[in-house]
Each structure stands twice: as structure tokens, then as C-alpha cells.
Amino acid sequence: QVRLVESGGGTVRIGGSLRLSCAASGDTGSLVYMTWFRQAPGKEREVVGLFAIRTGAKLYADSVKGRFTISQDNVENTLYLQMNSLNAEDTAMYLCAAHNALLYGSSWKLAGRYSYWGQGTQVTVSS
């Protein structure tokens, strides 16, 4: 089993920045991917970005490319999401997910493919 705990959310002005953290514990050695998702009220959960643990590869949704950056602390088993140039459309609950098997094609974007989830941290971007 793996436990994921997100933190770092809050309220920020348009154009501001936030850094989210996702701390993983438990059987972290089995994980292949850690991924950030977000879900706004009334909308489906959408992928933000993926980190492939064994290769270091990172993938981003088009909506956040150039503004959001994923990084990791391997010693602390923590994944970060640096969010810059935030706009109102970035307002959502941000959730960390992890999976312990390979994902093929574009399936990394599908929330249903992930085995483990955190409880989420709220990000609100205000004018």
C-alpha cells in the first residue's frame, strides 16, 4: 500500500505562484508513476502532469505547459508541482496519484488508471 499526502494549496492572485507537495509513504519502491490531477467544481478530473519515477521523464497537459513544473526529492519521496502565472482557470482541487505498473499511449491521462490517490489540496486563484 502507498499513502499520498498533498499540501501547499491556498489562495493566490491571478499571475501569482504556488508550490504543491505530495509526500509518498509505504511501498513507494513499487511505484512507476506519480501524477498530478486537478478537479474543478462541476468538471471532470483532468491530468496536469506526470513524473516517471524510473526514467525521470515528465509529461504535461497542454493547458499548463510552460507554466507548471514537476520536480522530485527522491530522498524524501516527495513530488512537487511549481505553478507560475496562475489564472482563474487553474482554480481546482489538486490531487496526487500514483501507479505501480506501466501505462501505455495516452492512458497516463486517465484518472481511472491510477491505483493510489491523496486527499487533495485546494488551489483558488482570485482577481
Side-chain angles (χ1 to χ4, degrees):
Q1 290 294 316
V2 173
R3 183 171 183 238
L4 304 173
V5 179
E6 302 96 329
S7 61
T11 299
V12 63
R13 297 276 189 151
I14 290 174
S17 298
L18 276 176
R19 188 177 82 153
L20 307 182
S21 300
C22 173
S25 60
D27 189 19
T28 57
S30 69
L31 296 179
V32 179
Y33 306 104
M34 291 182 71
T35 300
W36 286 101
F37 283 82
R38 66 186 182 185
Q39 188 164 20
K43 294 189 176 181
E44 290 189 0
R45 193 165 293 186
E46 64 171 355
V47 72
V48 174
L50 169 144
F51 174 63
I53 295 170
R54 296 174 186 178
T55 66
K58 299 168 188 175
L59 297 174
Y60 297 93
D62 289 343
S63 59
V64 306
K65 278 181 184 176
R67 301 189 299 123
F68 291 12
T69 303
I70 289 173
S71 62
Q72 75 288 346
D73 182 332
N74 293 328
V75 174
E76 297 294 332
N77 289 320
T78 300
L79 189 72
Y80 300 100
L81 181 66
Q82 178 66 44
M83 306 186 295
N84 298 329
S85 302
L86 286 162
N87 56 57
E89 289 71 35
D90 296 317
T91 294
M93 179 70 74
Y94 283 71
L95 302 108
C96 181
H99 194 56
N100 52 11
L102 291 175
L103 296 172
Y104 297 95
S106 61
S107 62
W108 66 280
K109 300 180 181 179
L110 303 177
R113 295 302 181 100
Y114 289 82
S115 304
Y116 306 104
W117 289 88
Q119 82 291 346
T121 186
Q122 177 68 37
V123 172
T124 302
V125 184
S126 64
S127 57

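- Taking the centre and axis of the six-membered ring of Tyr80, the NZ or CZ atom of Arg19 falls inside the cone set by 45° and 6.0 Å.
- Proximity of Met34 to Cys22: side-chain heavy atoms (C-beta onward) are separated by under 4.5 Å at one or more points.
- Shown here for Arg38 and Ser63, the closest heavy-atom pair between the two residues is NH2-OG, 3.6 Å.
- Heavy-atom minimum distance, Ser17 versus Asn84: OG-OD1, 2.9 Å.
- Between Tyr94 and Met83, some side-chain heavy-atom pair lies under the 4.5 Å cut-off.
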Next on the checklist: Before you tell me yes or no, could you show the steps for Gln122 and Thr91 under side chain to side chain contact (heavy atoms under 4.5 Å, CB included), namely the whole-Å CA-CA distance, both residues' side-chain angles and the distance that decides it to 0.1 Å?
Outcome noted: CA-CA 8 Å; Gln122 177 68 37; Thr91 294; 4.1 Å; yes
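- For the pair Gln119 (side chain) and Glu6 (backbone), a donor-acceptor distance under 3.5 Å is present.
- Between Ala24 and Leu4, the closest heavy-atom pair is CB-CD2, 3.7 Å.
- Between Tyr114 and Tyr33, the ring center distance fails the sub-6.0 Å criterion.
- Nearest heavy-atom pair, Ser115 versus His99, reported as atom, atom and distance to 0.1 Å: OG-ND1, 2.9 Å.
- Within the 4.5 Å cutoff, no side-chain heavy atoms of Lys58 are placed close to those of Thr69.
- Judged by distance alone, with hydrogens and angles left aside, the side-chain atoms of Thr124 form no donor-acceptor pair with the main-chain N or O of Thr11 at under 3.5 Å.
- Between the CG atom of Leu50 and the CG atom of Leu59 there is a distance of 5.5 Å, given to the nearest 0.5 Å.
- In this structure the side chain of Val123 reaches within 4.5 angstrom of the side chain of Leu18, judged on heavy atoms.
- Within the 4.5 Å cutoff, the side chain of Asp27 has no heavy atoms near those of the Gln1 side chain.
- Trp117 and Phe37 have their aromatic ring centers within a separation under 6.0 angstrom.
- Between the side chains of Asp73 and Thr78, not a single donor N or O lies within less than 3.5 Å of an accepting N or O.
- Taking each heavy atom of Tyr104 and Ser107 in turn, the nearest pair found is O-OG, 2.6 Å.
- Inter-residue side-chain proximity for Leu31 and Val2 is flagged as met; some heavy-atom pair is nearer than 4.5 Å.
- Of all non-hydrogen atoms in Arg13 and Ser127, the two that sit nearest each other are NH1-O, 3.3 Å.
- Atom CG of Leu20 and atom OG1 of Thr121 lie 6.0 Å apart (nearest 0.5 Å).
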Checklist entry - Does the side chain to side chain contact (heavy atoms under 4.5 Å, CB included) test come out yes or no for Val47 and Trp36, once each step is laid out? => result CA-CA 6 Å; Val47 72; Trp36 286 101; over 6 Å; no
